[in-house]
Amino acid sequence: MGMMRLAGESDPRSDAELVAAVASGQTSALGEIATRHQQRVRAIAFRIMGRWDVADDVAQEAFLRVWRGAAKYEPSAAFTTWLYRIVVNLCLDQKRRYRPLQLTEQDPPSDDATDASLIDLERADAVRREVAALPERQRVALVLHRFENLNHAQIAAATGWSESAIESLLVRAYSRLREKLKDWVPP
Amino acid sequence: MSARHPNLVRLLEPGLPDAERRQIESHVATCATCQAEWHQLRQTSGLLDTWHVTAPDGNAFVDRLLAATQAARDADPWTDRRAFALRIAAAVAIAGVTGVVIGLSVPPRPAVSIAPAESGQVVELLGLDSLSGDDLSALARLVEPDETPDLEEPS
């Protein structure tokens with residue numbers, strides 16, 4: 001007996017509806033969830049882990065956990081909070097396995113890159129290196145804050161850390177980056 | 001950071017309440033130290049924004065994910081069978097409870113039967129209507145192993 005959509009059939013299903021569908025055995029709904037969220041999940045994992053292969057492993061395992069745990073999902077909590085928490089936990093677990101951090105991936109500049117675009121690439125690479133060099137918890141907090149635009153409360157929900165801890169981590173992360181990246185700041 | 005100065009990182013936060021934003025901004029407007037720090041913080045934040053990340057080939061990622069779910073299901077076929085067994089257990093439990101309730105509430109009858117229309121509804125309700133003939137045979141064997149026991153009425 002499949003899920004019926006009698007009205008608003010063309011409307012995209014909400015995350016909660018899709019998770020319910022996954023819980024009832026509809027694997028195609030997992031594909032829909034992954035299509036919707038894979039870009040952000042993989043970007044978070046990449047910014048924390050520094051490698052696309054590891055980031056994709058993390059992202060895949062995160063969606064597999066959604067698949068396995070769909071029946072336990074409480075729609076009262078935002079799906080993305082649950083998803084990000086899974087991703088962050090997996091990243092922290094992976095970090096313990098993959099020390100030391102290897103950060104080597106960068107898109108090579110194209111042949112017709114101008115001087116200006118090369119500088120942009122170098123600047124972005126410096127940012128990437130310095131973010132990667134942050135202590136783990138500072139990096140996680142910064143990635144969620146700066147690149148995913150989560151506020152302190154949302155970061156706390158995604159990490160399980162207190163809001164005051166998040167605030168302290170962010171202050172130290174920005175302070176360190178300000179010092180390390182000062183040469184890249186335009187005059 | 002000194003207790004006298006606000007946490008300027010808060011100003012970078014999306015959705016910061018207006019009252020808190022105004023309070024911090026009014027301090028910054030009168031504090032040279034915080035003005036300099038806020039200027040540097042904005043520059044650092046702007047630098048971070050130059051790091052763009054685009055995950056490659058989303059369709060291939062989703063395809064791999066769905067293949068992984070299939071592989072997991074193949075590696076643990078009991079996942080589906082457990083769900084199937086749960087449905088059977090639910091069916092048996094419902095039938096048992098129904099039988100007891102009927103047995104307690106109506107005069108003794110030789111047997112409890114379910115009308116075809118009702119059994120169809122039960123089958124649909126339990127999601128058993130999509131089962132193959134083999135599945136239904138297996139179900140019948142589980143519900144009625146070898147011999148159909150006589151339904152004893154409560155004394």
Side-chain angles (χ1 to χ4, degrees), chain A residues 1-2 24-25 27-28 30-35 38-47 52 55-56 59-61 63-64 67-68 107 120-121 123-128 130-131 142 145-147 149-154 167-168 170-171 173-182 184-186, chain B residues 1 5-17 20 36-73 76 79-80 82-84 86-87 123-131:
Chain A
M1 184 166 26
S24 73
T27 306
S28 62
L30 181 69
E32 213 171 319
I33 290 173
T35 300
Q38 58 89 16
Q39 182 64 237
R40 291 185 76 176
V41 165
R42 294 165 74 202
I44 290 171
F46 175 73
R47 283 189 162 112
W52 278 118
D56 277 3
Q60 177 168 303
E61 180 58 27
F63 286 114
L64 285 173
W67 176 56
R68 294 189 193 106
D107 293 335
D120 288 344
L121 282 174
R123 183 187 294 120
D125 194 45
V127 169
R128 185 174 62 87
E130 295 305 335
V131 170
L142 180 92
H145 185 259
R146 188 66 229 154
F147 300 106
N149 286 321
L150 302 191
N151 61 33
H152 287 47
Q154 291 168 322
E167 184 162 320
S168 172
L170 288 173
V171 166
Y174 280 107
S175 175
R176 177 169 171 154
L177 289 173
R178 188 177 63 199
E179 175 60 28
K180 295 288 184 182
L181 293 170
K182 61 185 176 188
W184 289 100
V185 171
Chain B
M1 179 164 298
H5 301 294
N7 174 13
L8 300 180
V9 172
R10 298 288 289 181
L11 289 178
L12 297 174
E13 182 154 320
L16 182 69
E20 187 176 354
E37 188 175 337
W38 175 231
H39 177 69
Q40 291 176 330
L41 186 57
R42 276 191 304 175
Q43 286 181 322
T44 305
S45 177
L47 273 178
L48 294 177
D49 291 341
T50 64
W51 184 22
H52 301 290
V53 164
T54 303
D57 207 349
N59 289 335
F61 173 81
V62 174
D63 289 345
R64 285 197 301 275
L65 171 67
L66 295 180
T69 62
Q70 186 59 51
R73 191 179 283 127
D76 182 13
T79 301
D80 284 348
R82 279 188 207 111
F84 179 64
L86 281 174
R87 285 179 176 175
V123 164
E124 186 179 353
L125 181 66
L126 294 173
L128 303 176
D129 50 336
S130 61
L131 297 179

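Just so it is clear, the model here is predicted, and its values are computed rather than measured.
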(message) For the interface with chain B, which of A:R47, A:E130, A:R68, A:H145 has the highest count of heavy-atom pairs at distances below 4.5 Å?
(response) A:R47
(request) Could you pull out the closest heavy-atom pair between B:A55 and A:Q39, with the gap in Å? (result) N-OE1, 2.5 Å
(request) Using a 4.5 Å cut-off on heavy atoms from C-beta on, say whether the side chain of A:Q38 contacts that of B:L65. (result) no
(request) Of all the heavy-atom pairs spanning A:V127 and B:W51, show the shortest one and how long it is. (result) CG1-CB, 3.8 Å
(message) Could you tell me if the side chain of B:L48 sits less than 4.5 Å from the side chain of A:Y174, heavy atoms only?
(response) yes
(request) For B:E37 and A:R178, work out which heavy atoms get closest and say how close. (result) CG-NH1, 3.2 Å
(message) If you define the side chain from C-beta out and look only at heavy atoms, does anything of A:K182 sit under 4.5 Å from B:Q43?
(response) no
(message) Testing the basics here: between B:G58 and A:R42, what is the closest heavy-atom pair and its distance to 0.1 Å?
(response) CA-NH1, 3.6 Å
(message) Quick one, A:L170 and B:E13 - any side-chain contact, counting heavy atoms below 4.5 Å?
(response) no
(message) Which residues pass the salt bridge (Lys or Arg N to Asp or Glu O under 4.0 Å) test with A:R176, not counting sequence neighbours?
(response) none
(message) Any heavy-atom pair between the side chains of B:V9 and A:E167 that's under 4.5 Å?
(response) no
(request) Answer with side chain, backbone, both or neither: which region of A:R40 has an atom nearer than 4.5 Å to a non-hydrogen atom of chain B? (result) neither
(request) Mind checking the CG-CG spacing from B:L66 to A:L64? Nearest 0.5 Å is all I need. (result) 9.5 Å
(message) Do B:T50 and A:D120 make a side-chain contact, defined as non-hydrogen atoms from C-beta onward lying under 4.5 Å apart?
(response) no
(message) Quick check: do B:V53 and A:W52 have side-chain heavy atoms less than 4.5 Å from each other?
(response) yes
(request) Heavy-atom distances under 4.5 Å only: say whether A:A59 touches chain B with side chain, backbone, both or neither. (result) both
(request) Grab the two heavy atoms, one from B:R73 and one from A:T27, that are nearest each other, plus how far apart they are. (result) NH2-OG1, 2.7 Å
(message) Let me confirm one number: the CG-OG distance from B:N7 to A:S168, rounded to the nearest 0.5 Å.
(response) 9.5 Å
(request) Test B:L47 against A:V185 for side chain to side chain contact (heavy atoms under 4.5 Å, CB included), laying out the working first. (result) CA-CA 7 Å; B:L47 273 178; A:V185 171; 3.8 Å; yes
(message) Can you tell me how far apart CG (B:L16) and NE2 (A:H152) are? Round to the nearest 0.5 Å.
(response) 9.0 Å
(request) Output the option from B:N59, B:D63, B:L41, B:L12 having the highest count of non-hydrogen pairs under 4.5 Å with chain A. (result) B:L12
(message) Quick check on the interface: out of B:A68, B:P56, B:G15, who has the most heavy-atom pairs with chain A under 4.5 Å?
(response) B:P56
